[in-house]
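Following: one structure in structure tokens, then a few remarks.
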Amino acid sequence: MTTKEKETRRSQQQDVEITGSEAVIRSLIAEGAEVIFGYPGGAIMPVYDALYDYRNALRHILTRHEQGAVHAAQGYARVTGKVGVCIATSGPGATNLMTGIADAQIDSTPLVCITGQVTSGLLGTDAFQESDVVGLSMPVTKWNFQITTPEDIPEAIAKAFYIAASGRPGPVLLDITKDAQFGKLKYKYAKCHKIRSYVPEYPVNKEKLAEAATLINGAKKPFLVFGQGIMLGEAERELKSFIDKTGIPAAWTLLGLSALNSDHPLNVGMLGMHGNYGPNIKTNECDLLIAVGMRFDDRVTGTLKTYAKQAKIIHIEIDPAEINKNVKTDVALLGDAKKILRLLTHIVSPNKHKEWVKEFKQAMAIEVKKVIHSDVYPTKPGLTMGEVVRRVSEYTKNKAVIVSDVGQHQMATARYSRFTQPRSHITSGGLGTMGFGLPAAIGAKLGEPNREVVVFAGDGGFQMTIQELGTIAQEKLGVKMVILNNHFLGMVRQWQELFFEKRYSFTEILSPDFVKVADAYGIPGNHVTDRDKLDDAIKVMFETEGPYLLEVNIEKDDNVFPMVPAGASVSDILLSPEDAVK
């Protein structure tokens, strides 16, 4: 029997007296956790001591900052569909998790976050490294709970995993006092399958289903928009079957990217502020809008005053709080997207909508001529974000897991990467967290070790979590890092150019020599400034075993278009800077 098998078997023993800290580790193993991300400290030290005896059964990744731990857990969860786990100590350790927890909450990422806390007798005394973690995290967690006795640990962890993964996923936080970690309990573990008053999923309403089918069958210009809910509900096949039968063109939100093959003939592109021309303008021309697993975020809708006012709305959503929150629906189908799409597909009539689909293709032809061709095949001397992203995607045969940070490069990555399988695009959507990319790529690589994982980052965002190069080096993770460096905080600079009379207020940023920084960690890398050297540099990056950093100098005035200005209608999408002047 291997050491790992012995540790796993020991973790499965029931009715034995153990410490609360060991109960934490055993419970994580019982829930199927394989990788956890964290940073030790005084108030969580008993758990780390217990982990020492199970280090072969549960892999721990020491990040360089607690924010790195939670973002890595997010990346792991997003690429695998499993619950990500991160651990931190009390006080600053716990508060450093909050940005990532808020990010996970708005992007529906299942996490279990465990923090240490001062002993229960010191709660409320402003003890060393005490903070009100439960109060701080309440607005940004799906559930949180403070554990002050060891007997509560197994049940709380079971509930945490169940709540995090069921229904609309989200982050859960458990704050465990130090005396609960040291105390003894008679350990017994049972997974949680139900909680009174908690309804993660609603049964499908057959009458509403019939109403939706009637609208679909009668529509002349139906349009389907989908978000991450497709992948969270594992409804990728059902989505494809539905649009194949109905002939309805489908567009995706930023987090919905990769749920539908990029080359599918009914995949008409991205919605929203920097989305494709066709999906945006056709939103206000369709007669039926079917929204699946998306929440009508303002970056998708633009101003709600003009959003799809001419259309009937069908909203398929698992979270009742999202129904009628932003957009009033005509038919709300509350429940699991996989089940609802499967049932709808059986009762709708086959159709093609050839002329309607043709309109999207005509709009795309306009965008190719005015935007895409110059982004991907530029004639100006300097390199563009679009051409770098597209060449990287093509080199991987569109099979890589693509992670991006936040900013201009994020939009270019979403627009010009291509995907052939789901759960292949990871980014911070609702919160827009700069610094997300590098640690998220760590989690993604640990979740999918046999796939290429590429992270695109800007020079600003990369520096926010640059210390995680140490984690990559220590764990020998083959993450390929591409920094698109325009020497500015690019997205803010673009807004300043277009809407603030080119008053570039504090957006120019001095960066280190990123390749030298990587080399200091023992990670190879290269600079590219010339177009004729780009392909060779990409080839070397992927042929190099292990991690690699490629810094590409981008034209500072390389902007991302199309663009829907903040507060404008999606019909007012701009295709060039000249449009903004008009």
Would D132 and V134 count as a side-chain contact (heavy atoms from CB on, under 4.5 Å) here? Give the steps. CA-CA 6 Å; D132 181 7; V134 172; 4.1 Å; yes
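- Under the 4.5 Å side-chain criterion, counting only non-hydrogen atoms from C-beta, M138 is in contact with N144.
- In this structure, R299 does not pair ionically with D297, as no charged nitrogen and carboxylate oxygen lie closer than 4.0 Å.
- Q408 and Q494 are linked by a side-chain donor-acceptor pair at a separation below 3.5 angstrom, with hydrogens and angles left out of the test.
- The main-chain N or O of G429 is never found under 3.5 Å from a side-chain atom of T427 such that the two would form a donor-acceptor pair.
- Using bins of under 30°, 30° to 60° and over 60° for the plane-to-plane angle, the ring pair F145/W143 lands in the parallel bin.
- Here the closest non-hydrogen pair linking V24 and I153 is CG2-CG2, 3.8 Å.
- In this structure, the separation between CG on L549 and CZ on F514 is 8.0 Å, given to the nearest 0.5 Å.
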Verdict with reasoning, S511 to Q463, per side-chain contact (heavy atoms from CB on, under 4.5 Å): CA-CA 8 Å; S511 300; Q463 290 183 78; 2.8 Å; yes
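- Between A259 and F226, the closest heavy-atom pair is CB-CE1, 3.8 Å.
- Residues Y416 and S393 approach most closely at O-CB, 4.4 Å, considering heavy atoms.
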Evaluate side-chain contact (heavy atoms from CB on, under 4.5 Å) for L469 paired with F462, printing each intermediate quantity in order. CA-CA 10 Å; L469 287 170; F462 195 83; 4.1 Å; yes
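- Between the side chains of S108 and R168, at least one donor N or O sits under 3.5 Å from an acceptor N or O.
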Please evaluate residues I402 and F456 with respect to the criterion side-chain contact (heavy atoms from CB on, under 4.5 Å), reporting the C-alpha separation (whole Å), side-chain torsions for both, the decisive distance (0.1 Å), and the verdict. CA-CA 8 Å; I402 302 294; F456 287 97; 3.9 Å; yes
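- For the side chain to side chain contact (heavy atoms under 4.5 Å, CB included) with C86, the qualifying choice from L97, I36, T63 is L97, the only one to do so.
- Atom CZ of residue F161 and atom CG of residue L111 lie 10.0 Å apart, to the nearest 0.5 angstrom.
- There is no side-chain donor-acceptor pair under 3.5 Å between R415 and Q410.
- Between K397 and T420, every side-chain heavy-atom pair lies at or beyond the 4.5 Å cut-off.
- Heavy atoms from other residues, nucleotides or ligands lying under 6.0 Å from CD of E234 number 12 at most.
- If you check the side chains of N559 and E497, you find a donor sitting under 3.5 Å from an acceptor.
- T471 and E468 share a side-chain donor-acceptor pair at under 3.5 Å.
- Considering every non-hydrogen atom in both V528 and A537, the closest pair reads CG2-CB, 3.3 Å.
- Remark: of the listed residues L174, I176, L173, L173 is the sole one forming a side chain to side chain contact (heavy atoms under 4.5 Å, CB included) with T115.
- Results of the side-chain hydrogen bond (donor to acceptor under 3.5 Å, both in side chains) test with R418 over N261, T396, D263, N398 single out D263 as the only residue that passes.
- For D459 (side chain) and N485 (main-chain N/O), no donor-acceptor pair under 3.5 Å exists by modelled atom type.
- Looking at R423 and E236, no side-chain N of the basic residue comes within less than 4.0 Å of a carboxylate O on the acidic one, giving no salt bridge.
- Of the possible polar contacts, one joining the K480 side chain to the T544 backbone as a donor-acceptor pair under 3.5 Å is found.
- In terms of heavy atoms, K142 sits closest to S166 at NZ-O, 2.6 Å.
- Using modelled atom types and a 3.5 Å distance limit, the side chains of E367 and N276 yield a donor-acceptor pair.
- Under a 3.5 Å cut-off, the side chain of S258 and the backbone N or O of P422 do not form any donor-acceptor pair.
- Counting non-hydrogen atoms of other residues, nucleotides and ligands closer than 6.0 Å to OH of Y39 gives a total of 12 or fewer.
- The closest side-chain donor-acceptor pair between R451 and S424 falls under 3.5 angstrom.
- Side-chain rings of H71 and F436 approach one another, their centers coming within less than 6.0 Å.
- Remark: the backbone N or O of K556 is paired with a side-chain donor or acceptor of R493 at under 3.5 angstrom.
- A salt bridge links E387 with R531: at least one charged nitrogen is closer than 4.0 Å to a carboxylate oxygen.
- Residues N553 and H487 are in side-chain contact: their nearest non-hydrogen atoms beyond the backbone lie under 4.5 Å apart.
- At a cut-off of 3.5 Å, with distance as the only test, no side-chain donor of Q228 or T253 sits close to an acceptor on the other residue.
- Under the side chain to side chain contact (heavy atoms under 4.5 Å, CB included) test applied with P169, the options T109, I163, L232 reduce to a single match, L232.
- In this structure, a donor-acceptor pair under 3.5 Å is present between the side chains of R26 and Y54.
- Within the 3.5 Å criterion, the main-chain N or O of G435 finds a donor-acceptor partner in the side chain of D405.
- For the pair T89 (side chain) and A43 (backbone), a donor-acceptor distance under 3.5 Å is present.
- In this structure, L498 and M563 have side chains that are in contact, with non-hydrogen atoms separated by less than 4.5 Å.
- Side-chain contact between F542 and E452: present, with at least one pair of heavy atoms (C-beta onward) separated by less than 4.5 Å.
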Should Y48 and H60 be marked as a ring pair (Phe, Tyr, Trp, His ring centres under 6.0 Å) after you check the CA-CA gap, both sets of side-chain angles, and the distance that decides it? CA-CA 10 Å; Y48 270 87; H60 178 273; 5.0 Å; yes
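- The closest side-chain heavy-atom distance from Y521 to I466 is not below 4.5 Å.
- The closest side-chain donor-acceptor pair between T433 and D103 falls under 3.5 angstrom.
- Distance CD1/I61 to NZ/K445: 13.0 Å, rounded to 0.5 Å.
- Remark: R55 qualifies as a cation-pi partner of Y52 under the 6.0 Å distance and 45° angle criteria applied to the six-membered ring.
- You'll find the side chain of H425 reaches within 4.5 Å of the side chain of L254, heavy atoms only.
- A donor-acceptor pair under 3.5 Å links the side-chain atoms of S90 to the main chain of Q129, judged by distance alone.
- When the shell of 6.0 Å around CD of E543 is examined, it contains more than 12 heavy atoms from other residues, nucleotides or ligands.
- Using cut-offs of 30° and 60° on the angle between ring planes, the pair Y504 and F488 is perpendicular.
- Residues M98 and V133 meet the side-chain proximity criterion, which asks for heavy atoms closer than 4.5 Å.
- Nearest approach of I29 to A57, heavy atoms of both residues: CD1-CB, 4.0 Å.
- Side-chain contact annotation: E551 with H527, donor-acceptor N/O pair under 3.5 Å present.
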